[in-house]
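What follows is a single structure, written as structure tokens, with notes after it.
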2 protein chains.
Amino acid sequence: MKSASAGPPTLRHVAQASQVSESTVSKIVNRTKRFSPEVERRVQAAVAELGYTPNPHARSVITGRSRTIGVVVADVLNPHFALLIKGVGSVARARGYTVLLTDSDEDSDLEAELLGTLIPRVDGLIVAPRLEAQVVAQFARLKPLALTARPSDLARRQALGEALTFGVDGFQTGQMIGHYLAQGGHRHVSYLHLAQADDDRLRGLEAALGGQGIRCTVHRSAEPSIEGGLRAATAMLLGEDRPDAVVTYNDLMALGVLAEARKFGFEVPRDFSLVGVDDIPYAALTSPPLTTVRTYSREIGVQLAEALLDRIEGVDRLAPTPPTPQLMVRGSSAPRQYEAAPVGRG
Amino acid sequence: MKSASAGPPTLRHVAQASQVSESTVSKIVNRTKRFSPEVERRVQAAVAELGYTPNPHARSVITGRSRTIGVVVADVLNPHFALLIKGVGSVARARGYTVLLTDSDEDSDLEAELLGTLIPRVDGLIVAPRLEAQVVAQFARLKPLALTARPSDLARRQALGEALTFGVDGFQTGQMIGHYLAQGGHRHVSYLHLAQADDDRLRGLEAALGGQGIRCTVHRSAEPSIEGGLRAATAMLLGEDRPDAVVTYNDLMALGVLAEARKFGFEVPRDFSLVGVDDIPYAALTSPPLTTVRTYSREIGVQLAEALLDRIEGVDRLAPTPPTPQLMVRGSSAPRQYEAAPVGRG
DNA sequence: ATGAAAGCGCTAACAC
DNA sequence: GTGTTAGCGCTTTCAT
């Protein structure tokens, strides 16, 4: 029975109860040194009796480490990020870390604010950045950072400095979709591009389409969400020159486009093929089910966390190879049957 | 320019740079006392110059508070929880708190473990518990807890002790669905029940159906997810005595049932009506769109956070009234046309 | 208006 | 093996 006292029990209480010094208790609790069975028993008993839990803040003040990592995603509601979070969480837990998770609501100012409050509390951060590379690089000098996405062009400019960047190759993703659509005989592709966050996919797509003389129209949206897709659909589908394929930055946007297209009376894939990115769980459940590129969201989270924790702990392991994106062909896309469809091959 | 030094700048560095004592800096940084304009200016300048940020851990050791709240949800991938998190996050940010978020993966043992690691780090917790009430009550004695769902029976037993419990009324939710189906002439309802977490909805449903002599079969699942729905669908739909309505614990399960039903060749709502709970964003996008009960997930998060922070800060505000659940009738449900459908008017 | 001193709960040298 | 000592970075009386 713990006698009346303010707050929770401290090391001192345990030390008094078990008749040893505070440092002995500390060493036993932390398994940092061994003692005689008798003493260990007494201390363990006192710990159990009092319900002692170490104060992690006090610990952090001394060690300078918090065994906590921060995660900043743009939108927890996006299953891509939710899965990434789950991946991070499982690794963190297995390695004895706690996760401080925040949602920037797709707002870069808020993202910066969140990074600022998180940094003094964590040992490292996993970020799905919407912020400009230079700003992110600034933060990367304060604490180890692991970033999703592989911004090849930015990395080339070394703008990201120390940060680990890691994710499925965006260029390759775009390219896969481009090749697939080209081989399906499509002639006019519209891409729904996420403003300021997504150049690689677009470049990959254009690279694959360009060689085949296929037209690629780019539409922009700032919202990589269902609503973003809904809102962009009008402009993409109701113009005079309707595309025979629509590709979106992610699956959520594709779902929005699909819903809105149905409202306008379009039928997919009869009127146009629709391709998303991520393969979120809902993608397989729509009708028609969505053709998409699987980006292995959970796995990316796992690899980011492993890499970050290795870095934090000074482990010098080889960086893992990111998964290869995989095209999941489903019912929302179909080959075009024009008079003489030129079938491209690579 | 900060000269070479280990770690980030501390109060001491600021004090030295501005030629005042540490306590003066502390008071200025915390706005806890005013000083001469001259001193304030010098200190602010030094803070900016050195890029000083207070060490939140050191602060917490002294004050015993961390301006951090913990959130434990069963599954971030469930949009219901993702929205709740967003609600919590917006309030927390507005009131100057950071959120420590964790995902228990629908596992009560893990939930207990997470609560244990979170409690010493936070000022209070928001939990969507799968854990038994007694265990939760145990944790509630250590730190303020705010719980989703309103477990009327448990509250009656006072098992939850100090915890604030808060959410859309489950009994009422079940009742609304029951009345709606009864009025639609349904005669045999199957309910997909979430084992151990959901008695109120079932009781409300049964209460509404019982009076009308409508049969209610209960199926159990431990997974309130798309997969849970997929897996349960077989048992619910392929028995000899097929229901004319299926109600699920939540929308994710309903999506699973819908997908699996389609695979078996059933057509909804022709073969049976389907009703979910939550009104997640995807519910309106399926075909047919899902009839469901809106539970105002985000709003619940907001109210939970407000209530918890009020409690933490000793503010004695009146507890807000939880939103009333609202039935969203969509295409997945339709009246039955039997010879002489008895139309209940409960 | 400013500062000196004590100490929050804990760890880490270094003694013995 | 065990204890002593000295802090970590900060807040908080209490003097001046």
Side-chain angles (χ1 to χ4, degrees), chain A residues 2 5-44 46-47 50-68 96 117 119-123 142, chain B residues 2 5-44 46-47 50-68 117 119-123 142-143:
Chain A
K2 179 151 113 8
S5 76
T10 71
L11 259 198
R12 167 132 74 250
H13 300 130
V14 178
Q16 283 168 348
S18 49
Q19 309 277 25
V20 294
S21 76
E22 292 184 35
S23 56
T24 298
V25 178
S26 171
K27 286 160 193 158
I28 290 178
V29 168
N30 291 301
R31 292 170 169 67
T32 183
K33 222 137 201 170
R34 307 278 348 211
F35 290 82
S36 69
E38 163 61 11
V39 167
E40 301 219 335
R41 205 199 44 67
R42 261 176 23 225
V43 170
Q44 302 290 13
V47 166
L50 299 175
Y52 169 74
T53 334
N55 181 326
H57 300 298
R59 207 173 249 185
S60 295
V61 172
I62 300 170
T63 61
R65 307 247 285 93
S66 59
R67 292 197 82 78
T68 298
T117 53
I119 277 192
R121 301 167 188 259
V122 301
D123 296 339
L142 301 173
Chain B
K2 179 153 119 356
S5 75
T10 72
L11 261 197
R12 167 133 74 251
H13 299 131
V14 178
Q16 282 166 350
S18 48
Q19 308 279 26
V20 295
S21 74
E22 294 184 32
S23 55
T24 299
V25 178
S26 170
K27 286 159 191 159
I28 289 178
V29 168
N30 292 302
R31 293 171 168 69
T32 181
K33 222 136 199 171
R34 307 278 350 213
F35 290 82
S36 68
E38 162 60 11
V39 168
E40 300 220 337
R41 205 198 45 66
R42 260 175 24 225
V43 170
Q44 302 290 14
V47 165
L50 299 175
Y52 169 74
T53 334
N55 180 327
H57 300 299
R59 206 173 252 187
S60 294
V61 173
I62 300 169
T63 61
R65 308 245 288 92
S66 58
R67 291 199 83 78
T68 298
T117 54
I119 278 192
R121 301 167 188 259
V122 301
D123 296 340
L142 301 173
K143 285 280 165 71

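Protein chains get the first letters and strands the later ones, always in sequence-line order, with residue 1 at the start of each.
- Comparing dG1(D), dA1(C), dA4(C) against the side chain of F35(A) picks out dG1(D) as the nearest.
- In this structure, the side-chain contact (heavy atoms from CB on, under 4.5 Å) partners of R12(A), at least two apart in sequence or on a different chain, are T10(A), Q16(A), E22(A).
- Q44(B) pairs by the side-chain contact (heavy atoms from CB on, under 4.5 Å) definition with I28(B), not counting sequence neighbours.
- With the end axes of the helix from dA1(C)-dT16(D) to dC16(C)-dG1(D) each set by five pairs, the angle from one to the other reads 30° at 10° resolution.
- With sequence neighbours left out, T117(B) forms a side chain to side chain donor-acceptor pair (under 3.5 Å) with no residue at all.
- Residues satisfying the side-chain contact (heavy atoms from CB on, under 4.5 Å) criterion with K27(A), sequence neighbours excluded, are S23(A), T32(A), K33(A), F35(A).
- Evaluation of the side chain to side chain donor-acceptor pair (under 3.5 Å) rule for R41(A) yields no partner, not counting sequence neighbours.
- S60(B) is linked by a side-chain contact (heavy atoms from CB on, under 4.5 Å) to H57(A), S66(B), counting only residues two or more places apart in sequence or in another chain.
- Side-chain N or O atoms of R121(A) include none that pairs as donor or acceptor with a backbone N or O of P56(B) at under 3.5 Å.
- Not counting sequence neighbours, the partners of S26(A) by the side chain to side chain donor-acceptor pair (under 3.5 Å) test are N30(A).
- Looking at residues 36-43 of chain B, you'll see that no heavy atom sits under 4.0 Å from any atom of DNA chain D.
- Residue R34(B) places its CZ atom among 12 or fewer non-hydrogen atoms of other residues, nucleotides or ligands, all under 6.0 Å distant.
- For the salt bridge (charged side-chain N to carboxylate O under 4.0 Å, His left out) test, residues two or more places apart in sequence or in another chain that qualify with R42(A) are E38(A).
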Nucleotide-resolved protein contact map, nucleotides 6-13 of chain C, B/S/- at heavy-atom distance under 4.0 Å: -BBBBBBB
